[in-house]
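Taking it in order: structure first as structure tokens, then the write-up.
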Amino acid sequence: MKLAREIRLLTMRKLLETWRQPTWVFMGLTTPLLYLVLFAPVLRRLAGAPGFPRGHVLDVFLPGVLCLIAFGAGMGAGWGVIVELDSGVIERLRVTPVSRFALLMGSVLRDTAMFLLPALVVIAVAIPFDYHPNPGGTATLLALLCLLTAATSAWSAALGLKLREISSLAAVVTGLQLPLTLLAGILLPLTLAPGWLRGLAHTDPLYYTVEAARLLSTGTIANWTVGEGFLVTAGLTVLTLAWATAKYREAAS
Amino acid sequence: MTAAIVAHELRKTFAARRRQIEAVRGIDLRVSAGEVFAFLGPNGAGKTTTVRMLTTLLPIDSGTAFVAGVDVGRDPVAARRRIGLVGQRGGADLAATGRENLLLQGQLYGSDRATAERRAAELIELFALGEFVDRRAQTYSGGQRRRLELALGLMHNPRVLFLDEPTTGLDPHNRANLWEQIRTLRESGTTIFLTTHYLEEADALANRVAIVDHGRVVAEGTPAELKRELGSQRIRLTPKADGTPIEEIAASLRTLPLVEEAQPADGAIRLTVADGARVLPALLDRLRERRIELDSLTLAEPSLDDVFLAKTGRALRDTGDLEQAP
Ligand SMILES: Nc1ncnc2c1ncn2[C@@H]1O[C@H](COP(=O)(O)OP(=O)(O)OP(=O)(O)O)[C@@H](O)[C@H]1O
Ligand SMILES: [Mg+2]
């Protein structure tokens, strides 16, 4: 009860902050659309290739774009944390009796909202262009990806609290972002990849999310791969939330 | 009087690049309820580190601290309800307006919206925030922002308020205003623990002062006590340039009773005397006998600067960081 209220207050604070930076809202909406406009046409040529089973290119490509939006939506959290460490906001909030978990959830829920908004726009825009989402599957998919955004947001926030410097944070985040997204086969499914690469992909937690996402968007819900995707993603979310909360609790030095 | 802050043997050591920085090395504090207590010291003395330990932000390495009757290490949440902190870096949320900042702060302490609005209105009045409180905080001047931050620290009527360098970066006019507001708070009974580099500030605001240097308290007492401990007062006189040589005047004044020292310095003479009120008449008589005319004469209490110099062997202005310390 008290926790829910604190989370609501702190999420509103973050949402308001984002809302007042219209450039961010704008970029958040346009970047995913650019993938559709500038990249999807290239893929049309691949229709019928392995990994594009039914010939509907967008059915394979779009879940990947949604995963990318979800992953990217949480990544910025650490930057905000460092800015607020420098201006003393986090210190001020930490002197209040507010739960440390609520302090974290403010930015996590804001990021989740900032994933859902462009995701829905992209889905709506793609439907006239031969995208065939399954309603139940897509709703489940969005739930899965909200978990992913929460995980990346918490992870980035924890790193921000740990590293305390924009430059180190940027190095770690961008350094990991590329291998993680490439290995997961986000833009092109790994069915096109050689065996060793497919093997390596299994070490990337994001891989399981992406695999589950592709199935979900076609309406396959009761499936082992989907279960695996949920298990890995939810596990990751729990771990990163716990880590980031611990960081807020100590935020020593 | 009950104690608002009691700390015993507080210590904090930071590990930085294979080196240990002993930021706080055994600090004892006792601040009574309703008192304004100034924690005075140069850069790197350990002021902020001490405040962060007392306000639950930093784990205490060893020692104990009670604030408003609560053991800070054992029950940080209870302590947080009773204290307010205006940190060195301020902490206003710059993307939000002043009023949004205030309302959120009140609600995070558990007030309902209406109560928070009432309290915010009081503080907007007290700190004269009305003109800009509905603008976003990133547009504020330094002084406006500082006032907002002070109001934020007071939204929940804390029993003990910690102010870490509240006037740093303010112009003299804003500093004077802030002093006035801190005095108002003192009258309302809030216990205030403030850190500062400025001796004038400690002298003007505080009932008691602790001087910290290299993580230790080197002197403590009321400003008057500290000066008295240093004992004597200073007289500085400047004779007219044409007359008797200055060394000769100094030698003559040195023979007066109660004069401890008379040093010529840059065309003036600095006297250290035990009791200025009794020395002055004799001093003036002596000058008249010898027909020495004066350009100026001042009698000064020893300042906290002198106390700092006497206690640490260094002037407050030219101290380096702890890093270079022994
Ligand atoms: N997180 C930290 N890690 C390492 N060293 C630290 C840390 N925080 C403070 N220190 C060191 O501890 C010492 C005391 O710092 P502190 O901030 O308490 O000084 P201060 O008295 O508040 O100084 P100032 O007047 O400059 O604010 C300094 O040498 C500082 O470099
Ligand atoms: Mg400091």
Side-chain angles (χ1 to χ4, degrees), chain A residues 1-25 76 79-107 110 161-162 164-165 168 245-253, chain B residues 12 14-16 21 23 48-49 51-61 75-97 100-101 103-113 116 136-138 145 148-149 152-153 155-156 158 161-162 164:
Chain A
M1 189 50 220
K2 172 177 170 288
L3 182 65
R5 178 172 181 270
E6 289 172 357
I7 292 177
R8 180 177 54 82
L9 287 166
L10 291 164
T11 307
M12 288 307 292
R13 172 177 96 90
K14 279 300 189 182
L15 281 174
L16 206 62
E17 175 192 285
T18 305
W19 182 243
R20 287 184 181 157
Q21 293 171 322
T23 39
W24 279 113
V25 182
W79 272 258
V81 162
I82 291 178
V83 168
E84 294 198 334
L85 278 174
D86 288 344
S87 67
V89 175
I90 289 188
E91 185 157 293
R92 171 168 65 84
L93 294 175
R94 284 184 65 238
V95 185
T96 69
V98 167
S99 136
R100 314 290 108 160
F101 180 64
L103 290 182
L104 169 68
M105 286 312 278
S107 53
R110 186 266 316 266
L161 288 167
K162 184 178 166 59
R164 291 168 173 270
E165 269 175 14
S168 336
T245 307
K247 279 283 155 209
Y248 267 104
R249 194 160 287 139
E250 63 188 64
S253 56
Chain B
K12 184 79 205 177
F14 293 109
I21 299 176
T48 299
T49 305
V51 167
R52 288 166 59 83
M53 285 195 281
L54 292 176
T55 54
T56 77
L57 288 174
L58 202 59
I60 297 171
D61 276 1
D75 195 354
V77 178
R80 287 180 191 132
R81 285 183 203 294
R82 293 168 166 80
I83 61 178
L85 165 67
V86 182
Q88 193 164 1
R89 274 173 300 196
D93 180 359
L94 301 181
T97 68
E100 285 163 354
N101 266 287
L103 293 181
L104 178 67
Q105 181 87 351
Q107 289 174 292
L108 289 179
Y109 277 98
S111 305
D112 58 43
R113 176 128 185 145
R136 281 206 253 164
Q138 68 206 14
R145 192 167 144 188
L148 170 65
E149 287 160 353
L152 282 172
M155 267 306 280
H156 61 297
L161 180 65
F162 291 85
D164 197 359

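In what follows, every heavy atom counts, from backbone to side chain, and hydrogens, waters and symmetry copies are set aside. Below, read A as the first sequence line, B as the second, and so on, with proteins coming before strands; counting in each chain starts at 1.
Formation of a donor-acceptor pair under 3.5 Å by the A:Arg92 side chain with backbone atoms of B:Gly87 is not found in this model. Judged by distance alone, with hydrogens and angles left aside, the side-chain atoms of A:Arg164 form a donor-acceptor pair with the main-chain N or O of A:Leu161 at under 3.5 Å. The closest donor-acceptor contact from the side chain of B:Arg80 to the backbone of B:Asp75 lies at 3.5 Å or more, if one exists at all. Checking side-chain atoms of A:Arg110 against main-chain N and O of A:Thr18 turns up no donor-acceptor pair under 3.5 Å.
Atom CG of B:Asp61 is separated from atom NZ of B:Lys12 by 4.0 Å, given to the nearest 0.5 angstrom.
Using a 4.5 Å cut-off between heavy atoms, B:Leu104 contacts chain A through its side chain alone, with no backbone atom that close. Contacts of A:Leu16 with chain B are made by side-chain atoms alone, with heavy-atom separations under 4.5 Å and no backbone atom involved. Heavy atoms closer than 4.5 Å to chain B are found in the side chain of A:Arg100, but not in its backbone. The part of B:Glu100 that comes within reach of chain A is its side chain, from C-beta onward, which places non-hydrogen atoms under 4.5 angstrom from that chain.
Across B:Ile83, B:Leu85, B:Thr56, the residue that shares the most heavy-atom pairs under 4.5 angstrom with chain A is B:Leu85. Between chain A and the residues B:Arg136, B:Gln88, B:Glu149, the largest count of heavy-atom pairs under 4.5 Å involves B:Arg136. Top candidate by heavy-atom pairs under 4.5 Å with chain B, chosen from A:Glu17, A:Glu91, A:Glu6, is A:Glu91. The candidate with the highest count of non-hydrogen atom pairs below 4.5 Å against chain B, out of A:Arg13, A:Lys2, A:Met12, is A:Arg13. No other option in B:Arg81, B:Gln107, B:His156 has as many heavy-atom pairs under 4.5 Å with chain A as B:Gln107.
Applying the side chain to side chain donor-acceptor pair (under 3.5 Å) test to A:Asp86 and every residue at least two apart in sequence or in another chain returns nothing.
A:Leu9 places a side-chain heavy atom less than 4.5 Å from the side chain of B:Leu108.
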